[in-house]
Amino acid sequence: MVDLEKIASDYGKEYKKLSRRMIVCAGTGCIANGSLKLHDALIEEAKKAGIDIIVELKGEVEGKSLLSGSGCQGFCQKGPLLSIEPDGILYCKAHAEDAAEIVEKTLKNGEIIERLLYKDANGNACKNAKEIPFYKLQRRTVLAKCGHVDPLDIREYVYQDGYKGAKKAYTEMTDEAVCKEVIDAGLRGRGGGGFPTGRKWDIARKVVCDKKYIICNADEGDPGAFMDRSVMEGNPHAVIEGMMIAARGIGADEGYIYCRAEYPLAVKRMRLAIKQATEAGILGDNVFGSGKRFTLSVMEGAGAFVCGEETALMHSIEGGRGMPSPKPPFPAVSGLWGKSTTINNVETLASVPLIFLKGAAEYRSVGPENSPGTKTFAVTGCVANTGLVEVPFGTTLREIIFNVAGGVVNGKGEVDNSAFKAAQTGGPSGGCLTAEHLDLPIDFDSLRSIGAMVGSGGLVVMNKDTCMVNVARFFMQFTQNESCGKCTPCREGTKQMLALLDDICEGRGTMETLDLLEETAKTVQAASLCGLGKTAPNPVLSTLRYFRDEYIAHVKDKRCPAGQCKALAKPEIDPSVCKGCTACARKCPVGAISGTVKEPHHIDPNKCIKCGVCKATCKFGAVKGF
């Protein structure tokens, strides 16, 4: 039987011999920005300087420095990130060309390179994460180990109390007690619906079946969402441990992690983690000496958004086309290959070990009564600091956007919170939140009460330069492309809604178009087969509800208030602002601008192709109408 205490003790003894630990963010975002090049450059420069750096904790480590990678550290806007301990330093936007200076000044002489530190809104340099508002205002629990543990080394996860919860579930608890612990914790599914996780497990537990499965839904497909990917990349063993505990609760002996193929790094790290856990004796035929068996496999999805729906996902695993089926029967009764199946998403499963390590009462002490715990959000769009954040449920939208994410940026790239217009939560299945919702506590029930949803956690922030009709069209284009085509309301309804939105954005819409759009959206919402089809109209309905005046401006005045719909643009040059520099005339590709030097210029609307070059060229802001 695997001895977790020995693994942790042996690793700890070696770890404490190190003189320094350096962690390069090796999440997908930082890798794209060159973090692996920084990693290699640090090794090379350290060799030149005579500093002994190791990249794996094995062999003789006394007095050496360990350089390892991590998963996403969350502060994506400022990557690549480099943490140095025990110095307590976090360098931002550190690149390979900075490696020599980092080695010479910080590693050799203990100096801090101030230009690589984060500067707050007042220009003050922040030495480490504890001083940076982005981190200081969060409560990282699911993400606590992401960015700190080496996802390629199971020993470090075990050293930090990993698999203790699973051991407790298998050796000290009954299946009923496991389900009750999750029920008492109040954990709700983080994949979007918010169904109580413990209740879902208990339903499956009571089903009499000769074979049961547990599936991790890692088919994260919402535009702008990368929470599940980051957890799998940064802390894959937490997902495995959560699945083990779930399997113990429902009586499953086999599990699948269904991950989209567009996440190659997550797939690679999950497979390595499974291999390591199996070789260590944690997974296999006799889990923790309990006599119970549990094995895991990773299956890659082909990228269909609809496979995030649980019945479509199971059809895909079975080798069929990913298309949803009517319910009932529910998966707990008849799921994968007709057997009882329980499906949870990545973040839900990664939360489970925390409950069994610290207890249901402590887990429930965070967040409101109806939505305990924390939630991760991928904050993107018009904010100062895009990235991955984790806050307690009940935190307001204002706190997340204006404080954690550093505020809204305007069209000039400056922080200006008055420029906030809307935030889209829940991806294509969600809805828009407006300025009137900034102080609304974010939880499952409060968002549902206004026609929105938490969803998987994507949070796209928009400023006043955003056309809300165009936003609705973007999400409708996405859902129409991703419709599996099985049911007529979704297949044809999304196509018609997209055509109506095209008409509105291109100046062909009328007030009757708006009425037809709303009627079609409600029909698709009511009549579609699966949850994805039923929620596809949400962006349209929410923007119609809160930004109807923009729709009316498009169809009645033939004007886009945000100036983003080129077909409705009426470009003109303000004579009171134009300096007659002739730059716009020289750049115009069709010769639509005329005028003499130092005199106001004019745009011929019959020649203008509305390309926007004139606006981009003008340094004085004289070009209007876009």
Side-chain angles (χ1 to χ4, degrees), residues 4-28 30-31 33-73 79-92 94-113 116 128-129 144-162 233-237 265 268-269 271-273 275-277 279-280:
L4 295 179
E5 289 74 18
K6 187 176 187 309
I7 294 173
S9 175
D10 290 348
Y11 184 88
K13 287 176 184 176
E14 295 302 300
Y15 189 83
K16 290 171 184 175
K17 294 178 182 178
L18 295 170
S19 64
R20 181 179 273 120
R21 172 77 180 274
M22 294 173 287
I23 305 174
V24 175
C25 180
T28 294
C30 279
I31 288 176
N33 270 328
S35 65
L36 296 186
K37 293 178 181 178
L38 169 65
H39 180 279
D40 295 342
L42 286 170
I43 295 173
E44 188 64 30
E45 294 297 333
K47 284 181 181 177
K48 292 178 184 177
I51 297 176
D52 204 348
I53 284 185
I54 58 174
V55 295
E56 189 177 357
L57 195 66
K58 67 177 184 179
E60 180 54 49
V61 301
E62 185 76 43
K64 295 182 180 180
S65 296
L66 174 65
L67 174 63
S68 63
S70 73
C72 178
Q73 296 181 19
L81 303 172
L82 172 65
S83 301
I84 305 176
E85 297 295 345
D87 309 73
I89 297 172
L90 175 62
Y91 285 144
C92 300
H95 294 278
E97 50 267 33
D98 300 311
E101 186 178 4
I102 292 170
V103 169
E104 180 64 28
K105 290 186 176 179
T106 304
L107 301 191
K108 285 187 70 175
N109 301 316
E111 299 176 22
I112 294 176
I113 305 170
L116 294 178
N128 52 45
K145 290 185 175 68
C146 294
H148 295 283
V149 301
D150 183 353
L152 307 182
D153 193 342
I154 187 175
R155 297 173 302 160
E156 186 167 14
Y157 180 73
V158 173
Y159 176 61
Q160 296 194 23
D161 295 327
E233 290 177 358
N235 195 10
H237 288 284
L265 186 60
K268 180 181 178 181
R269 291 184 180 173
R271 283 181 170 151
L272 175 62
K275 181 175 181 288
Q276 291 177 341
E279 290 174 348

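In this structure a side-chain-to-backbone donor-acceptor pair under 3.5 Å is present from Ser35 to Cys25. Judged purely by atom type and a 3.5 angstrom limit, Asp40 has no side-chain atom pairing as donor or acceptor with the backbone of Lys37. Although no hydrogens or angles enter the test, the distance criterion places a donor-acceptor pair under 3.5 Å between the side chain of Glu233 and the main chain of Thr28. When atom types are taken as modelled, the side chain of Gln160 and the backbone of Gly162 share no donor-acceptor pair closer than 3.5 angstrom.
In this structure, Leu82 and Leu116 have side chains that are not in contact, with every pair of non-hydrogen atoms separated by 4.5 Å or more. Inter-residue side-chain proximity for Ile53 and Met22 is flagged as met; some heavy-atom pair is nearer than 4.5 Å. When side chains are defined from C-beta on, Leu152 counts as touching Leu272, because their heavy atoms get closer than 4.5 Å. Under the 4.5 Å side-chain criterion, counting only non-hydrogen atoms from C-beta, Ser19 is in contact with Ser65. Counting only heavy atoms from C-beta outward, the side chains of Gln73 and Leu90 approach each other to under 4.5 Å. Taking 4.5 Å as the limit, every side-chain heavy atom of Arg155 sits out of range of all side-chain heavy atoms of Asp10. For the pair Ile54/Leu18, a side-chain contact is recorded, criterion being any heavy-atom separation below 4.5 Å from C-beta on. With contacts defined as side-chain heavy-atom distances shorter than 4.5 Å, the pair Ile154/Glu279 does not qualify.
Arg21 and Ser68 form a side-chain donor-acceptor contact under 3.5 Å, judged by distance and modelled atom types alone.
When every heavy atom of Pro151 is checked against every heavy atom of Ser70, the shortest pair comes out as CD-CA, 3.8 Å.
Relative ring orientation between His237 and Tyr157 is described as parallel, the plane-to-plane angle staying below 30° on a 0-90° scale split at 30° and 60°.
Note on Lys47 versus Glu44: no salt bridge recorded, every NZ/NE/NH1/NH2 to OD/OE distance being 4.0 Å or above.
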